[in-house]
Trainee: 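Quick one: the structure is below, questions incoming.
Every value quoted in this text rests on a predicted model; they were computed, and no experiment measured them. Here is how names work: the chains are called A, B, and so on, in the same order as the sequence lines, proteins then strands, and each is numbered from 1.
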2 protein chains.
Amino acid sequence: MPVKKQPKDADTVLQPTEEAKTKGTPGAEETRTRILDAAQCLFAAQGFDATPTKAIAEQAGVPNGLIFYYFPTKKALLETLIAERNMLPAIQAIVHLPVRSDVHATLVTLGKNYLKVVKQHEELSRIMLREFRSHEDIATNFKTLREEQLRLIAHYMEEAMRVGGIQPVKDVQVMARVFLYNLIFAGLVDSLSNTPRFIEDMVDLLLCGIARDE
Amino acid sequence: MPVKKQPKDADTVLQPTEEAKTKGTPGAEETRTRILDAAQCLFAAQGFDATPTKAIAEQAGVPNGLIFYYFPTKKALLETLIAERNMLPAIQAIVHLPVRSDVHATLVTLGKNYLKVVKQHEELSRIMLREFRSHEDIATNFKTLREEQLRLIAHYMEEAMRVGGIQPVKDVQVMARVFLYNLIFAGLVDSLSNTPRFIEDMVDLLLCGIARDE
DNA sequence: GTCTATATGATGATAGAC
DNA sequence: GTCTATCATCATATAGAC
């Protein structure tokens, strides 16, 4: 059975195989990662069902059979991707940045950073958006992720407006939701509106034109 | 070769087969429709690649081989679905409704009607959202559809605010886009926020709290 | 137009040598 | 851990009887 770990950070490897220690041999961990990388890339581009394990093996540079040494089934490969490569930590990092007194600028920065994170996790996000109807666990993960993001963003917005001295016109929850949904859709579907301009316009709209260029 | 028509409205059938005229025999057109219905249902639930033609045939109550009498390939079946069952006419009907002097109420009605149309075309919309990355023609169709909807909604909003005597804070284009993207996402992904309350809150936010209960 | 039987190829997964 | 060869299954699509 393969070593199943949650390598959040690299370098936290438990027992780097003897060969990997001494020579340039790939090592089990790197092979596993290469398979995951290839699967992520292909699942995102063609979808889970349209991607043969053979294609994954080819892109990873390993024989087909080796995939099933590291993952019991093709589906487990998908589930591992979703479980191990979570974008939530990156979002948390963003909302821990300090807010400035300029609310508009703060929210625009938040939007740009958020879109940056989505782009960095684009393949995984696309996979989730595409497969969450077929796979219960992905649906759950996706939903939880959205709720967590909503919570974090709403909290950040609240803080930003408190510091900026702005009385929100409406519940911040609604603002956060409109903000989040638009950025997800803009980032994952309508790549054309993926411009800084769109974010500024949206924040402008959310803030009702006030607090601009404070 | 099968009769390829674009039955926008029913009853526009060209030559109802003799049997269909006289007896209760299904008739070619109905068989074709049943296959399309089954495909639509299954593609939406499991995805195109995960749906065998055999499953479509079973759900339609026809033998597997008959599918390929009406459609040359499985992919053609998908393309026919997208081409023949377009939701744009329904959207056009919505934005031809008269605007009232109460802008808030007008936009809330627009939102509710839009969500209703999306729900009526839910299966097709889900298919588009899921498959547009793999099929060029679906991507094009999807994009065009979004742009058309954006145009229609922006125009309708402009009219609503002109009649309501409200000076829009920002470009109506931005408002329309935020409105549309949120409703698509709410309707197709986050079914929980698919509530009248969400629409009202969103319109409230878009209108900056003004024009409420005029 | 409808149905049965089947060709042909690809797929996920396994066995076992190294 | 890595690799080759292969199994069993199921997929799309076709041929041809009715």
Trainee: Please report the distance, rounded to the nearest Å, between CD1 in B:Ile67 and P in C:dG1.
Mentor: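 Those two atoms, CD1 and P, are 16 Å apart.
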
Trainee: Kindly indicate, with the supporting measurements, whether the criterion side-chain contact (heavy atoms from CB on, under 4.5 Å) is fulfilled by B:Ile82 and B:Leu124.
Mentor: CA-CA 7 Å; B:Ile82 301 294; B:Leu124 252 293; 3.7 Å; yes

Trainee: Which nucleotide sits closest to the side chain of B:Ala28: C:dG1, D:dT2, C:dT4?
Mentor: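 Selected nucleotide (nearest to the side chain): C:dG1.
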
Trainee: For B:Arg34, is there an ion pair with B:Glu29 - N to carboxylate O distance below 4.0 angstrom?
Mentor: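 Between B:Arg34 and B:Glu29 there is no salt bridge, as every charged N stays at least 4.0 Å from the carboxylate O atoms.
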
Trainee: Between the side chains of A:Gln46 and B:Ser134, does any donor sit under 3.5 Å from an acceptor?
Mentor: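 No, no side-chain donor-acceptor contact under 3.5 Å.
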
Trainee: Which atom pairs link the protein and nucleotides 11-18 of chain D when you take only N or O atoms and keep those under 3.5 Å?
Mentor:
from, atom 1, to, atom 2, distance (Å)
D:dT12, OP1, B:Thr51, O, 3.4
D:dT12, OP1, B:Thr53, N, 3.4
D:dT12, OP1, B:Lys74, NZ, 2.9
D:dT12, OP2, B:Thr53, N, 2.7
D:dT12, OP2, B:Thr53, OG1, 3.0
D:dA13, OP2, B:Lys74, N, 2.7

Trainee: Under 4.0 Å between a side-chain N/O of B:Tyr70 and OP1 or OP2 of C:dT2, yes or no?
Mentor: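 It does, given that an N or O in the side chain of B:Tyr70 lies less than 4.0 Å from OP1 or OP2 of C:dT2.
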
Trainee: What is the distance, rounded to the nearest whole Å, between atom CD of B:Glu58 and atom C1' of D:dC10?
Mentor: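 One finds 13 Å between C1' of D:dC10 and CD of B:Glu58, rounded.
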
Trainee: Would you kindly say whether B:Arg85 and B:Thr80 are connected by a side-chain donor-acceptor distance under 3.5 Å?
Mentor: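 No, because no side-chain N or O of B:Arg85 sits under 3.5 Å from a partner of the opposite role on B:Thr80.
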
Trainee: Atom CG of A:Leu78 and atom C1' of C:dA13: how far apart are they, to the nearest Å?
Mentor: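 The distance from CG of A:Leu78 to C1' of C:dA13 comes to 17 Å, rounded to the nearest Å.
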
Trainee: Find the distance A:Phe71:CZ to C:dT14:P and express it as a whole number of Å.
Mentor: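 The distance from CZ of A:Phe71 to P of C:dT14 comes to 15 Å, rounded to the nearest Å.
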
Trainee: If we count only N and O atoms by modelled type, under 3.5 Å, do the side chains of B:Arg130 and B:Ser125 hold a donor and an acceptor together?
Mentor: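 No, because no side-chain N or O of B:Arg130 sits under 3.5 Å from a partner of the opposite role on B:Ser125.
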
Trainee: Salt bridge check: are A:Arg151 and A:Glu148 linked by an N-O gap of less than 4.0 Å?
Mentor: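 Salt bridge between A:Arg151 and A:Glu148, a charged N being under 4.0 Å from a carboxylate O: yes.
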
Trainee: Starting at CZ of B:Arg34 and ending at C1' of C:dG1, how long is that distance when rounded to a whole Å?
Mentor: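 The answer, rounded to whole Å, is 13 Å.
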
